[in-house]
Amino acid sequence: MSVQVVSAAAAAKVPEVELKDLSPSEAESQLGLSTAAVGAMAPAADGGEALVSPDGTVTEAPRTVKKQIQFADQKQEFNKRPTKIGRRSLSRSISQSSTDSYSSAASYTDSSDDETSPRDKQQKNSKGSSDFCVKNIKQAEFGRREIEIAEQEMPALMALRKRAQGEKPLAGAKIVGCTHITAQTAVLMETLGALGAQCRWAACNIYSTLNEVAAALAESGFPVFAWKGESEDDFWWCIDRCVNVEGWQPNMILDDGGDLTHWIYKKYPNMFKKIKGIVEESVTGVHRLYQLSKAGKLCVPAMNVNDSVTKQKFDNLYCCRESILDGLKRTTDMMFGGKQVVVCGYGEVGKGCCAALKAMGSIVYVTEIDPICALQACMDGFRLVKLNEVIRQVDIVITCTGNKNVVTREHLDRMKNSCIVCNMGHSNTEIDVASLRTPELTWERVRSQVDHVIWPDGKRIVLLAEGRLLNLSCSTVPTFVLSITATTQALALIELYNAPEGRYKQDVYLLPKKMDEYVASLHLPTFDAHLTELTDEQAKYLGLNKNGPFKPNYYRY
């Protein structure tokens, strides 16, 4: 299978990439009252309820009515309920500084949470294995149900699993992965296992792990080291536990953000030299790979999945178009109509965010450094501005650049009261959150993944997910779109692992066009879609093979 090589010089051209109401008839049947009596209730002299009949006679209502509306007693009963020993109270959790670990600051949101770090727990799955570290292995059954739901929306992965599990194209592959650990990732991991691979996994984001899914994977025998709300130290500890295992040498890397690749390269250089291939799916991670390649330090072939058509045009665009609204709604309960929003970056992620917000009636501004993307924004009906020009008036700031310090402390100081600040890029570098951790500013935890940062004069901003990826940290993402990306990742792993010696040099490669088309074709049956086939005459006229690829590598879609 031929593959397009991307030279280090092309690195600079890489695109940008957490009381039933009763009706009168029901009341009549349940309480033995006439419809007229239900409609005319008046207070009785003793504080109870009275009924006024049509002839004016006042009688005391049955005590069952009073019991149904006894809110005060119900509230007292609620307050008497015992709380779990060792758990922070709701009031303390809300006021707790978010410099604490996520799990302690938001422990009131999950009845299964406690303050014991998973690293301090002794857990085993039903087979007696303890080669994992998750929040609570007892949640495995719930995670399994979520995985089964995801399988219904990931047709290509399931088809790939069915077609290739007999020949086991990944037999002997030892894959170490660092991605978002969600139900969709679980389907990918179990597909890789069905194709013959051994997998060890950590999370690429401290907030995006679904604890119950991680538990289900651990129960199934996958060494998973991840939980929602890891500290920075936990994050690197989990990655190291995946990699540093006696008698286990990984030969493939599946990364999202480049942290795993960076860790192995820096800490285990001898292990890194034995890696057969790297598959990377984020703009941040790809940028790191191109830096290594340019410096002549990349001694491993790498596949740039992020810039494949199936990632850029589907995951980045359609996934963000739907999940940006979900993330904002779940965290802030806001209404979008009439809100002024600035979206920093008009790559595929920015395009998706802008389209969704515009459709909801928001007034959307765009910032851009690339004149081509900027012109696209203008022709899509968005006002192109510099951030400084609108920072005082906007209600929401969303970063989608993959860059660093896009929103600085100066911008944060000038924002209006209650401005919402969030990031849709992979890394947490776009918003200068570190500059907000100073003595003069007060952090107040409002709810899970939502902080008020309060200035001395009382002004506050609403910071979501502490500047990390909004949709996967604060909500969910469309499974079907992730099926496209996950299938692309699986095929890239198969291609690199089975490639004959010499096909891939120590460089960064793009996926073959034929592979992109194959991934897309696997998803078409879901829509009962029927492709048109070229006639021999038409294929000859266009100079194409009837089976593709149908576009040249430079085609932009």
Can you tell me if [X] has over 12 outside heavy atoms packed within less than 6.0 Å of its [atom1]?
| X | atom1 | result |
| --- | --- | --- |
| K329 | NZ | yes |
| Q249 | CD | yes |
| K551 | NZ | yes |

Going by atom types alone, do [X] and [Y] pair a side-chain donor with an acceptor below 3.5 Å?
| X | Y | answer |
| --- | --- | --- |
| W237 | E230 | no |
| T179 | D256 | no |
| R144 | S220 | yes |
| N304 | Y290 | yes |
| S282 | E280 | yes |
| E430 | T401 | yes |

Any donor-acceptor N/O pair, W443 side chain to L436 backbone, under 3.5 Å: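 Such a contact is found between W443 side chain and L436 backbone.
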Within the side chain of Y518, is there an N or O that forms a donor-acceptor pair under 3.5 Å with the backbone of K513?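 Not confirmed, Y518 side chain does not pair with K513 backbone.
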Rounded distance [0.5 Å steps], [atom1] in [X] versus [atom2] in [Y]:
| X | Y | atom1 | atom2 | answer |
| --- | --- | --- | --- | --- |
| D432 | R437 | CG | CZ | 11.0 Å |
| N471 | I324 | CG | CD1 | 7.5 Å |
| L192 | R161 | CG | CZ | 9.0 Å |

Do the two ring centres, one from F132 and one from F225, sit under 6.0 Å apart?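 Ring centres of F225 and F132 not closer than 6.0 Å.
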Under the criterion salt bridge (Lys or Arg N to Asp or Glu O under 4.0 Å), I'd like the reasoning laid out for E495 against R503: C-alpha separation, chi angles, the key distance, then a yes or no. CA-CA 10 Å; E495 171 66 11; R503 174 180 290 180; 3.0 Å; yes
Y318: partners by ring pair (Phe, Tyr, Trp, His ring centres under 6.0 Å), with sequence neighbours left out: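 Expected list: F314.
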Salt bridge check, E501 against K276: does any charged N sit closer than 4.0 Å to a carboxylate O?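 The answer is no: the pair does not qualify as a salt bridge.
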Is D307 paired with K311 through a side-chain N to carboxylate O contact shorter than 4.0 Å?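 Here K311 does not pair with D307 in a salt bridge, since their nearest N and O are not under 4.0 Å apart.
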What verdict does the salt bridge (Lys or Arg N to Asp or Glu O under 4.0 Å) test give for D233 and R119, after you've listed the backbone C-alpha separation in whole Å, the side-chain angles of each residue and the deciding distance to 0.1 Å? CA-CA 11 Å; D233 180 62; R119 290 168 63 174; 2.8 Å; yes
With ring-ring contact (aromatic ring centres under 6.0 Å, His included) as the rule and sequence neighbours excluded, what pairs involving residues 472-491 come up?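 Of all non-adjacent pairs touching residues 472-491, those that pass ring-ring contact (aromatic ring centres under 6.0 Å, His included) are F480-H523, F480-F527.
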